[in-house]
Every structure is written in structure tokens, then in C-alpha cells.
Amino acid sequence: MNRLGDETSPYLLQHADNPVDWFPWGEEAFAEARGRDVPLLISVGYSACHWCHVMAHESFEDEATARLMNELFVNVKVDREERPDVDAVYMGAVQAMTGQGGWPMTVFATPGGHPFYAGTYFPRPHFQRVLHAVSQAWGQDREGVLAQGEKVVEALVERTGAPSGPLPTAETLDLAVRNLAEGFDEQRGGFGGSPKFPPSMVLEFLLRHGTRDAMTMAETTMEAMARGGMYDQLGGGFARYSVDAGWVVPHFEKMLYDNALLLRVYAHWWRATGSVLAKRVVLETAEWLLREMRTPEGGFASALDADSEGPDGAHGEGLFYVWTPDQLRDVLGEDDAAWAASVFEVTGTFEHGMSVLQLLADPDDPARFDRVRTALRAARERRPRPGRDDKVVASWNGLVIAALAEAGALFERPDLLDAARETAELLDDLHTVSRGPARLLRTSRDGRAGANAGMLEDYANTAEGFLALYGVTGESRWFHRAADLLETVLTRFPDESGGFYDAPDDGERLFQRPQDPADNATPSGQFAAAGALLSYAALTGSARHREAAEAALGTVSAMAERYARFAGWGLAVAEAALRGPVEVAIVGPADDARTRALHTAALMSGTPGLVVALGTGQAGTGQAGTGHAATGQAGTRPAGTGPAGSVPVDLPANVPVDVPLLEGRGMVDGSPAAYVCRRFTCRAPVTTPAELRAELAR
């Protein structure tokens with residue numbers, strides 16, 4: 001009996017009609033394997049995975065193959081996006097046993113869950129042979145199979161964790177730039193050869209580092225990605241990766257996390273340089289998110305599939321996005337089609353005479369380009385659309401909140417800011433199951449929360465999004481919600497050496513507690529936590545949060561020299577830590593144009609990790625150097641304490657404060673004011689945007 005029909009995961013529901021007797025991950029499957037005395041066959045994938053669909057069509061929908069699976073194994077289907085902890089521990093096993101990994105992931109395990117044989121995609125004839133061989137080994141060499149499972153588990157447990165060291169220095173970050181330069185593709189941008197993945201976190205580090213070499217690598221890569229087939233030249237948004245080294249032909253699925261991260265870093269590129277291309281990419285990608293990825297509840301769906309139906313009814317990869325010269329003529333007519341073919345490089349860059357659209361140079365006739373592009377997009381909308389995985393993942397929606405909040409402020413787009421706020425409300429209302437400290441659920445769908453506990457990345461990225469939203473809106477609710485999430489990070493996820501596990505200490509016990517300090521497609525949970533903790537410490541003066549952030553960055557020093565590509569977010573956070581980060585308190589009436597001008601000037605600063613507190617301030621203050629250092633829990637402090645060299649603020653002990661950075665800050669002679677601080681020691685307040693920009697440039 002197939003047991004996936006009641007699941008919320010779109011990926012699992014895609015397999016609910018298979019003749020395979022699938023179990024969802026859980027104790028029922030393990031008990032069944034123990035009762036039948038057969039191994040587990042654990043199949044892990046995700047809805048937008050092309051080869052997952054291929055293996056499903058070839059094997060899981062095939063009656064003969066399903067019959068073998070059902071007779072010889074207990075079969076478990078896992079959505080890696082719902083259960084990243086399960087995915088992580090078994091992916092470690094696959095990589096240890098085969099030297100590589102990927103999806104679909106196929107793992108054979110003992111009834112206790114210990115893996116003993118694994119692979120990724122198997123063509124049907126090969127898969128059937130593997131099924132027979134594994135079952136035969138289980139029946140004839142049980143002792144050897146169990147011993148193999150124990151060896152794999154022991155080896156994986158020994159590899160847990162990563163070398164740690166001190167907080168990275170400026171020299172460490174310079175070394176990381178040199179390491180990145182060794183693998184940089186000077187002609188085509190990006191790092192390494194094919195396939196090429198968008199190096200989102202590395203780009204953020206390079207922009208923050210800001211040296212000529214760093215900026216050259218960042219700008220070359222971002223321009224190449226935005227002009228190639230990786231970027232959807234008609235509808236906006238980026239594909240998952242490029243199968244070639246030149247960003248021409250993508251793997252066509254569009255993932256929410258990629259687009260959230262890239263939207264934010266392109267906004268930062270525009271902020272640093274005023275790039276017209278960067279602005280176009282930001283706004284088009286944001287509009288694509290709102291148009292195609294928004295859910296009715298106010299969240300954002302996880303992915304669009306790579307595959308869709310073509311004009312002949314056959315399914316194939318990328319058919320929604322690619323064009324032939326004949327298709328251009330059908331939509332545009334002869335003259336415009338010839339012009340469009342030249343502009344978009346329709347020269348057979350894909351398969352069967354089809355092409356992925358590129359835009360290697362800006363067209364010489366913008367009005368004609370807009371007309372042609374509009375017509376092509378309208379025609380494309382009539383094609384069968386790729387499937388959408390519409391589950392809401394807390395972590396990735398946290399990334400979207402940060403990106404849309406900042407883009408909304410930088411480009412004066414209140415609709416983007418409203419969308420960020422609505423997504424934050426969904427995570428706060430539906431995904432948060434308790435407060436003080438908060439507990440998150442990882443996913444929801446159709447307004448129904450899933451059962452899976454939040455991982456470290458869910459807490460860290462949601463906190464990051466809430467803090468960014470607070471900095472843009474001044475709505476202290478989001479500051480307090482971030483504080484609650486970070487308290488859970490500090491109490492449920494720490495390891496014994498200053499880092500963090502990816503799963504909470506009271507979560508499901510797997511054969512290994514997952515912990516990976518390296519970035520993957522998204523920031524590692526550890527580096528994401530470090531970033532959110534550092535920002536919170538800057539807003540509160542909390543030594544506890546600052547020290548936890550610095551300890552979590554210890555692995556960056558060990559990775560910078562040889563593995564900088566996998567520590568991009570940690571390097572970016574380290575840049576912020578070394579710069580302070582700079583803290584800006586802005587006080588004044590929210591409806592005063594002068595307050596808004598100061599706020600805009602602060603948000604336009606590219607100072608790494610800068611945090612902004614926005615509020616009405618306190619009357620009767622406005623002297624330079626006021627401040628305090630929070631101790632222990634944010635929100636209370638001993639009276640009159642402050643960092644060395646500061647002027648103490650004489651307030652009663654244990655007075656709750658809203659956002660501590662604003663405490664003691666007031667307007668100056670009736671004018672809104674901005675205070676630029678580091679470690680809660682502030683310079684003299686300023687009252688004009690020009691003065692604020694000068695202070696931030698010091």
C-alpha cells in the first residue's frame with residue numbers, strides 16, 4: 001500500500017500513485033523493516049529535480065520494478081527540502097561510499113537506519129540488478145552487510161565537525177580573495193569549469209571586501225550570469241545552474257533560495273556602483289517572485305520544475321523557456337523575428353535547433369526591445385507551465401524577507417516591502433508554534449503547517465529576515481521576534497566547540513547529528529546564525545550574542561586559504577565583524593521627511609553588516625558618546641553601565657527597552673538625528689544626509 005496520499009510535500013504527492021508501497025520517513029517504516037526482516041530502500045529527492053523525475057518514470061512507475069521493490073524492501077520516500085537533516089546524513093554516506101553525491105539519492109540501509117550501499121540515479125535495468133544483488137547480500141551475508149553499515153556510521157561520526165580557530169583577521173580575508181582568484185574564470189566569470197553554480201554568498205563577500213580584485217570578480221560574474229541563459233531574459237529570475245562554463249544553457253529549474261540570495265546581492269551591487277543592469281535584474285526578479293512564486297497565504301513557493309510539456313505533447317527539460325527561429329517568426333513576423341534572433345542569440349544553443357535566450361549586449365533600440373520582449377513573454381504564457389512546488393520553507397522565506405525588504409527600501413517600492421512584511425507575518429503566525437524561546441516548524445502548504453521541526457538554517461535565516469525588516473521599517477515587533485528565535489539558536493543548537501549543529505538537541509535522533517559548516521546552495525546554518533547573532537549584538541550591545549557569533553566564525557579561518565568558495569557567507573559576516581559592524585541609530589518622527597532622508601542615507605551605505613535602528617528617540621538627549629553595553633539578556637541592563645570611554649546614561653536598573661541602540665538617543669535642537677556607533681560608542685549626532693554619509697565614510 002502506498003502511504004503518501006496524506007502528505008503535504010508536493011514531491012511526495014508526485015509519488016502517491018506509484019505502484020511502489022512507499023512509506024514516508026518515520027517509525028512506521030522502521031518497524032515494518034524490523035518486522036519483515038528486510039532492508040530499507042530510502043529514496044531522497046525534491047520536486048524540481050529533473051533526474052528524480054526520470055528515475056520515477058523509468059522505475060517507480062514501472063510495475064515490474066515496483067514489484068521487486070515491494071517484495072524485497074521497505075521503501076521510504078523523502079523530500080530533502082522537508083527533511084534536510086535526513087538528506088544530510090545519508091548524503092554523507094553516499095559521498096563516503098561512492099566519492100560523489102546528487103539526487104535522486106538511493107540508499108539501502110539496515111532496519112536500524114544504518115546505510116550499507118548507496119548511489120544516485122540508476123537506469124531501470126541497472127536498478128533492477130542492484131535490487132537483486134542487495135537483497136541477495138542481505139540474505140546470504142547478513143553479518144558482512146551489518147558490519148559494512150557499522151563501518152560507514154563510525155566513519156561518518158568521526159568526520160563530524162570542522163577545524164576551528166580564532167575570528168578571521170583582515171589578512172585572513174585577503175588570503176580568501178587570493179584563493180578565490182586562483183579558481184576565477186576571467187573570461188566568463190564564476191569559479192571553476194562546468195557546471196557552474198551561482199556563487200551568491202561569495203559574491204556578497206567580494207562586494208563587502210571591496211578591493212579592486214574582489215570587485216572585478218564580483219562584477220564580471222554578476223554581469224555574465226545576468227546576460228546569459230542562466231537568467232530568464234523574458235520573465236526575470238535565475239535558473240539553478242549552468243551546465244556549461246559560459247552561463248549559456250541552464251538546468252532550468254528555478255529555486256526560491258537562489259533568487260532570494262541573488263536578488264539581495266544584485267541590489268547591493270547596484271548600491272555600490274549604480275549599475276543599470278543590476279537594477280534591472282533586481283526589479284525583474286522581484287516582480288517574478290511576486291507574480292509566479294507567491295502563495296495565497298503570503299509566503300513564497302519553493303521551486304519551479306525544469307520540465308514542462310512541449311508543443312508535441314512530450315515532456316522535456318526547458319521547453320517552457322527555449323525558442324526556435326520559426327517560433328519567433330510565428331509571434332513577431334519576419335523583420336522583428338530576425339532582429340530578436342540576433343539580440344537574443346537564437347543560434348541553436350540548446351537541443352534540436354532550439355535556443356536559450358541570452359542578452360549579451362543591451363539592444364540599440366530600447367523601445368523595439370520592450371515591444372518584442374513583451375510579445376514573446378505573452379506568447380510564452382500560453383505554453384504549458386512548469387510544475388510548481390508550493391510548499392513554504394521557513395529558511396528560504398527568511399531569505400526572501402531580507403531581499404524584498406532591502407530592495408523595497410532601496411528602490412522605493414512599497415509593494416516589495418509589503419510582500420516582505422506579509423511573509424514575515426506568515427512565518428510568525430503559522431510556522432511559530434511557541435514563544436520564549438520560539439520553536440519553528442520548517443514547512444507549510446496551503447495554510448497548513450507541516451510536522452517537521454525547524455533546522456538551524458530556519459531559525460537563522462528567519463531571524464536575519466526579521467532583523468532586515470526591522471531595519472527598513474522600524475517596526476520593533478520584528479526585532480523582538482528575531483531575539484526570540486536567536487535565543488533558541490543559543491540554547492538548542494550549540495556544539496561543544498563554539499559552533500552549531502544543524503538539528504536541535506531535542507530533535508529526532510538519527511545515526512548522526514548533522515553538522516556542516518560549509519555553504520552549499522544556501523548559507524550554512526552556522527554562518528547564517530553567526531550573521532544574525534552579530535546583527536542582533538550590534539543592535540543590543542549583547543556580549544553573549546557577539547561572542548557566539550565570533551566563535552561560530554572560527555571555521556572561516558581554517559577554510560579561507562583553500563576552500564574559500566565554501567565559506568562565502570562566513571567571510572561576508574567576518575567582514576562585518578571586523579568593521580564593527582557599524583551601528584546607526586536614527587531618531588525622529590516617522591512622518592518627517594528629514595527622518596526619512598537620514599534613513600535612506602543609512603540604507604544606501606555599503607558598509608559591511610551595517611545595522612539600522614529607527615525610532616522616535618528620547619527627549620532631552622542628543623549628546624555625543626551616549627551609550628551602554630548590554631549584559632546577558634537583551635532588554636535589561638545595570639544602571640549607568642557603558643563601554644570604556646562612553647558617557648553613562650543614568651536610567652533605573654532592569655528597565656525594559658524596546659531596541660537598546662535607540663536608548664538615550666534623541667533629536668538635536670528639534671531636528672531628526674542620526675548616531676553612528678561602533679560597539680555602542682557613538683560619535684556626535686548629525687542631522688543631514690550629507691553629514692551622515694561623511695560619518696559612514698570615515
Side-chain angles (χ1 to χ4, degrees), residues 1-3 15 18-45 51-52 55-56 58-60 62 64-78 80 83 85-160 508-514:
M1 179 179 69
N2 189 313
R3 296 162 175 82
H15 294 81
N18 292 168
V20 178
D21 294 341
W22 290 117
F23 285 77
W25 178 269
E27 175 55 30
E28 185 183 0
F30 286 84
E32 180 77 7
R34 291 192 298 267
R36 288 177 52 193
D37 191 28
V38 297
L40 294 158
L41 192 168
I42 303 168
S43 175
V44 185
W51 288 103
C52 298
M55 190 165 178
E58 288 181 348
S59 294
F60 304 150
D62 177 66
T65 306
R67 188 161 48 250
L68 277 177
M69 294 172 66
N70 297 336
E71 290 173 359
L72 303 177
F73 303 95
V74 170
N75 304 291
V76 181
K77 178 57 74 173
V78 179
R80 67 175 295 260
R83 291 303 304 263
D85 52 340
V86 174
D87 176 66
V89 297
Y90 285 108
M91 183 58 72
V94 172
Q95 292 170 335
M97 286 188 273
T98 69
Q100 59 187 7
W103 299 275
M105 176 166 49
T106 307
V107 178
F108 296 90
T110 69
H114 289 186
F116 61 84
Y117 186 79
T120 53
Y121 162 74
F122 292 103
R124 183 167 63 199
H126 187 188
F127 187 50
Q128 291 179 348
R129 290 194 296 272
V130 167
L131 295 175
H132 282 295
V134 170
S135 179
Q136 186 176 34
W138 179 258
Q140 298 179 4
D141 186 20
R142 180 74 58 89
E143 185 175 333
V145 169
L146 294 175
Q148 172 70 8
E150 290 295 332
K151 286 181 182 178
V152 171
V153 170
E154 289 173 5
L156 291 172
V157 170
E158 288 176 2
R159 288 167 47 186
T160 298
E508 181 182 352
R509 290 289 185 267
L510 304 174
F511 67 81
Q512 179 189 17
R513 190 174 176 190

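Keep in mind it's a predicted model, so treat the numbers as computed, not measured.
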Student: Pairs under 3.5 angstrom only: tabulate donor-acceptor contacts from the side chains of residues 131-138 to other protein residues two or more places apart or in another chain.
Tutor:
unit_1	atom_1	unit_2	atom_2	d
W138	NE1	D37	O	3.0

Student: Around atom CD of E143, are there more than 12 heavy atoms from other residues, nucleotides or ligands closer than 6.0 Å?
Tutor: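 Result for CD/E143: open.
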
Student: Using a strict threshold of under 4.0 Å (side-chain N to carboxylate O), is an ion pair present between E71 and R36?
Tutor: no

Student: Could you work out, with ring-ring contact (aromatic ring centres under 6.0 Å, His included) as the rule, every residue matching F73, not counting sequence neighbours?
Tutor: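 For F73 the ring-ring contact (aromatic ring centres under 6.0 Å, His included) partners, ignoring immediate neighbours, are F108.
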
Student: Could you tell me whether R83 and E508 have a side-chain N and a carboxylate O separated by less than 4.0 Å?
Tutor: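 So R83 pairs with E508 through a salt bridge.
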
Student: Do you know which two heavy atoms are closest between A33 and L40, and how far apart they sit?
Tutor: CB-CD2, 3.8 Å

Student: Rounded to the nearest 0.5 Å, how far does CE of M105 lie from CG of D87?
Tutor: 4.0 Å

Student: So which atom in G101 and which in M91 form the shortest heavy-atom distance, rounded to 0.1 Å?
Tutor: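 Shortest heavy-atom separation between G101 and M91 comes out as CA-SD, 3.6 Å.
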
Student: What distance do C52 atom SG and R80 atom CZ have between them, rounded to the nearest 0.5 Å?
Tutor: 9.0 Å

Student: Quick one: do F127 and T106 satisfy side-chain contact (heavy atoms from CB on, under 4.5 Å)? Show the steps, please.
Tutor: CA-CA 10 Å; F127 187 50; T106 307; 4.1 Å; yes

Student: What is the minimum heavy-atom distance between L146 and T110, and which atoms define it?
Tutor: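 Nearest heavy atoms, L146 then T110: CD2-CG2, 3.8 Å.
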
Student: Is there a side-chain contact between V74 and V38 in this structure, where contact means two heavy atoms from C-beta onward sitting under 4.5 Å apart?
Tutor: yes

Student: Search all heavy atoms of V89 against all heavy atoms of F511 and return the closest pair with its distance.
Tutor: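 So the minimum-distance heavy-atom pair works out to O-CZ, 3.7 Å.
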
Student: Just verifying a value: how many Å separate W25 CH2 and D85 CG, rounded to the nearest 0.5 Å?
Tutor: 8.5 Å

Student: So, do F30 and F23 have ring centers that fall under 6.0 Å from each other?
Tutor: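 Centroid separation for F30 and F23: 6.0 Å or greater.
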
Student: Go through V107 and V44 one step at a time and tell me if the side-chain contact (heavy atoms from CB on, under 4.5 Å) criterion holds.
Tutor: CA-CA 8 Å; V107 178; V44 185; 5.7 Å; no

Student: With rounding to the nearest 0.5 angstrom, report the CD to OG1 distance, Q100 to T98.
Tutor: 5.0 Å

Student: Quick one: are V20 and K77 in side-chain contact, heavy atoms under 4.5 Å?
Tutor: no

Student: Enumerate donor-acceptor pairs with a distance under 3.5 Å from any side-chain N or O in residues 113-125 to protein atoms, sequence neighbours excluded.
Tutor:
unit_1	atom_1	unit_2	atom_2	d
H114	ND1	E150	OE2	3.3
Y121	OH	E58	OE1	2.7
Y121	OH	E58	OE2	3.2
R124	NH1	E58	O	2.9
R124	NH1	D62	OD1	3.3

Student: Kindly compute the distance separating CG (L41) from CG (N70), expressed to the nearest 0.5 Å.
Tutor: 10.0 Å

Student: Which pair of heavy atoms, one from P111 and one from R34, lies closest together, and at what distance?
Tutor: CB-CG, 3.7 Å

